[in-house]
**Q** 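Sharing a structure with you now.
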Amino acid sequence: MLIVRPARIDDLSALMELAILSGRGFTSLPEDEATLLARLTLSEQSFAGTVPTREAWYTLMLEDSETGRVEGLCGVRAGVGVGRPHFSFRVMTLAQFSSAIATRFDHQALVLVNECAGWTEVGSLYLRPERRSGGAGSLLARSRYMLIGAERARFSETVMAELRGYFAPDGTCPFWEGVASKFFRLPFDQADHMVMSTDGQFILDLAPRHPIYVELIDEAAADAIGKVHVEGQAARAMLEQEGFRGSGLVDIFDGGPTYTAPRDSITTIERTRTCTVAIGDPGEAEQTIISTNRITDFRAARLPVFVDGDRATIDASDADLLGLNTGDTMRVRT
Ligand SMILES: CC(C)(COP(=O)(O)OP(=O)(O)OC[C@H]1O[C@@H](n2cnc3c(N)ncnc32)[C@H](O)[C@@H]1OP(=O)(O)O)[C@@H](O)C(=O)NCCC(=O)NCCSC(=O)CCC(=O)O
C-alpha cells in the first residue's frame, strides 16, 4: 500500500534523490544537502508542534509499505512571507485614453507585489516518473488537503500554489532570459538555488521596483507569462479539480502562475467527513482517500472503506499500517 507520512531526518538520502530527479526550476527542492536537511528538521519540528504555528512547514513522504521506498513527496507551508517578503508580479492592465486621437490603449504591466504574506502554500509535489498516471499523484496532492482539514486553525483562510513556469525544449527559461535575468544578472540555476539557501536578501535588493510594460519585453518572455511547465500540467489539472484558480500573480523568476483557493472551499476539505474507526471486512467497498484526524503522526492512504453513518470500517492490516484502532476518529473523503 502507498502511505503518506511525515518526513523524517533519515529521509535525507531519498529526498536528495528526488531533488536530483525533479530537475531545474523546482525551487523548493534544491539539490543541496544542507538545505534539504534544514527542511526535514523544520518538518519534524512542525509535526511535533515545537515551532510557531505560522512558521510550520510540513513535508510529507509517499512510501510504498511493501518495499519501504519513498516514491514521492509534497509539502504544506503554514504561512509564506512570514520571515521575509514573498514577492510576485501582478499582471495588471493599465488603461489610457487620449481624447486628442479618440483612442484607448490597454497596456499590460508586471508590477512587483507582496500580496501573499501569511497565505498557506501547498507545493513540492513530486512523484517518481515510473509511479505516475496510476492515482498516486492525486493521493499525494490530496493528502495535503486532508492534513489542512484535520486542523484548519493552523492554516490560513487562503491557500496558494505556485506552478513551475515554462521552459523551452532547449532547456532555457524564456521569462528568466527576457525579464528576470536583467535584474538579477545571475544564471537561472544560481538564483533559483539562492531562494532556498540564503535569506533572500538579494531578492529584496534587486527585484524591480517599477512596472514593466509587457509590450517592451521580448515575445518569448511575454508568451511565457502565466504558462505552466510541461511536467506541471497534471499538477495544474488537480489544483483546478480542487477549486483553485489563477490569481493573476506570477513568479518573478520563471513567470509560472500562482493559483489560489479559499481554504474551506477546497473540494477535498469540503467533501471530507470525520468517522469512527471500526475494524472488519469492508466488503466490496470502493477505494477512497482517508487520513488520521490529527497532524501529529499524520497518515493518509487510499483504501477500501465501508461507511455506514458515522462509522467507517477498514481492514485490520490497513488499520495497522496507519496506526488506527477501533474507536479512533479518522477522516474519509466522500
Ligand atoms: C504532479 C504529479 C505528482 C502528478 O502525478 P501523476 O502525473 O501521476 O498524475 P495523474 O494521476 O496522471 O494525473 C492527475 C490528474 O491530472 C490530469 N492530467 C494529467 N496530465 C495532464 C495534462 N497534460 N493536461 C491536463 N490534465 C492532465 C489527469 O487526467 C488526472 O486527472 P483525473 O484525476 O481527473 O484523472 C506528477 O506529474 C509529477 O511529479 N510531476 C513533476 C513535478 C511537478 O511538476 N510537480 C508540480 C510542481 S508545482 C507544485 O508543486 C505546486 C502545485 C501543487 O503543489 O499542487
**Q** Angle class for the Phe184/Phe253 ring planes (parallel below 30°, perpendicular above 60°, tilted otherwise)?
**A** perpendicular
**Q** State yes or no: do Leu125 and Trp119 share one hydrophobic cluster built from I, L, V, M, F, W and Y residues joined by side-chain heavy-atom distances below 4.5 Å, directly or via other members?
**A** no
**Q** Is a donor from one side chain sitting under 3.5 angstrom from an acceptor on the other, for Thr120 and Arg263?
**A** no
**Q** Can you name the residues that form a ring-ring contact (aromatic ring centres under 6.0 Å, His included) with His229, not counting sequence neighbours?
**A** Phe167
**Q** CD of Glu66: more than 12 outside heavy atoms within 6.0 angstrom?
**A** no
**Q** For Glu219, is the CD atom crowded, meaning more than 12 foreign heavy atoms sit under 6.0 Å from it?
**A** no
**Q** Examine the side chains of Thr272 and Arg331 and answer whether a donor and an acceptor come within less than 3.5 Å of each other.
**A** no
**Q** Show, in sequence, the C-alpha distance, side-chain angles and deciding distance for Val70 and Leu62, and conclude whether the side chain to side chain contact (heavy atoms under 4.5 Å, CB included) test is met.
**A** CA-CA 6 Å; Val70 171; Leu62 181 76; 5.9 Å; no
**Q** Pair Thr267, Gln241 - check side chain to side chain contact (heavy atoms under 4.5 Å, CB included), show working.
**A** CA-CA 7 Å; Thr267 310; Gln241 285 168 17; over 6 Å; no
**Q** Is it possible for you to say whether Phe26 and Leu186 belong to one hydrophobic cluster, with membership spreading through side-chain heavy-atom contacts below 4.5 Å?
**A** no
**Q** Output yes when Asp106 and Arg104 qualify as a salt bridge under the 4.0 Å nitrogen-oxygen rule, no when they do not.
**A** yes
**Q** Counting neighbours of CG on Asp218 that are heavy atoms of other residues, nucleotides or ligands and sit closer than 6.0 Å, is the number greater than 12?
**A** yes
**Q** Can you list everything that forms a ring-ring contact (aromatic ring centres under 6.0 Å, His included) with Phe105? Sequence neighbours excluded, please.
**A** none
**Q** Do other residues, nucleotides or ligands put more than 12 heavy atoms under 6.0 Å from the CZ atom of Arg132?
**A** yes
**Q** Which heavy-atom pair separates Gly149 from Ile269 by the least distance, and what is that distance?
**A** N-CD1, 4.2 Å
**Q** So for atom CD, which belongs to Glu270, do other residues, nucleotides or ligands contribute more than 12 heavy atoms lying within a distance under 6.0 Å?
**A** yes
**Q** Using only atom types and a distance under 3.5 Å, with no angle test, would you say the side chain of Arg164 pairs donor to acceptor with the backbone of Glu231?
**A** no
**Q** Please answer whether the main-chain N or O of Gly135 pairs with a side-chain N or O of Arg302 as donor and acceptor at a distance below 3.5 Å.
**A** yes
**Q** Looking at Thr334 and Arg271, would you say the former's side chain and the latter's main chain have a donor-acceptor pair under 3.5 Å?
**A** yes
**Q** Going by the rule side-chain hydrogen bond (donor to acceptor under 3.5 Å, both in side chains), which residues pair with Thr260 if we only count those two or more places apart in sequence or in a different chain?
**A** none
**Q** Quick one: closest heavy-atom pair of Leu2 and Ala301, and the distance?
**A** O-CB, 3.7 Å
**Q** Between Asn293 and Asp328, does the side chain to side chain contact (heavy atoms under 4.5 Å, CB included) criterion hold? Intermediate values first, please.
**A** CA-CA 9 Å; Asn293 194 23; Asp328 286 349; over 6 Å; no
**Q** Determine whether a donor-acceptor pair (N or O, by modelled atom type, separation under 3.5 Å) exists between the side chain of Arg54 and the backbone of Arg154.
**A** yes
**Q** With sequence neighbours left out, what residues match Tyr259 under ring-ring contact (aromatic ring centres under 6.0 Å, His included)?
**A** none
**Q** Is it the case that over 12 heavy atoms from other parts of the model lie below 6.0 angstrom from the CD atom of Glu157?
**A** no
**Q** Is there a donor-acceptor contact under 3.5 Å from the side chain of Glu151 to the main chain of Ile295?
**A** yes
**Q** Under a 4.0 Å threshold between the charged nitrogen and the carboxylate oxygen, would Arg5 count as salt-bridged to Asp11?
**A** yes
**Q** So, using side chain to side chain contact (heavy atoms under 4.5 Å, CB included) as the criterion, who are the partners of Leu21 when residues are at least two apart?
**A** Leu18, Tyr126, Arg128
**Q** Under a 4.0 Å N-O cut-off, is there an ion pair linking Asp264 with Arg152?
**A** yes
**Q** Step by step, would you call Arg144 with Thr268 a side-chain hydrogen bond (donor to acceptor under 3.5 Å, both in side chains)?
**A** CA-CA 9 Å; Arg144 299 157 324 162; Thr268 291; over 6 Å; no
**Q** Salt bridge between Arg273 and Asp310, side-chain N to carboxylate O under 4.0 Å?
**A** yes
**Q** Considering only NZ, NE, NH1 and NH2 on the basic side and carboxylate oxygens on the acidic side, decide whether Glu130 and Arg69 come within less than 4.0 Å.
**A** yes
**Q** Any sub-3.5 Å donor-acceptor pair from Glu115's side-chain atoms to Ser88's backbone N or O?
**A** no
**Q** In chain order, what residues pass the ring-ring contact (aromatic ring centres under 6.0 Å, His included) check against Tyr58, with sequence neighbours excluded?
**A** Phe47, Phe155
**Q** Do Ser98 and Thr103 come close enough that some side-chain heavy atom pair is under 4.5 Å?
**A** no
**Q** Taking atom types as modelled, is there a side-chain donor on Ser124 or Ser28 under 3.5 Å from an acceptor on the other?
**A** yes
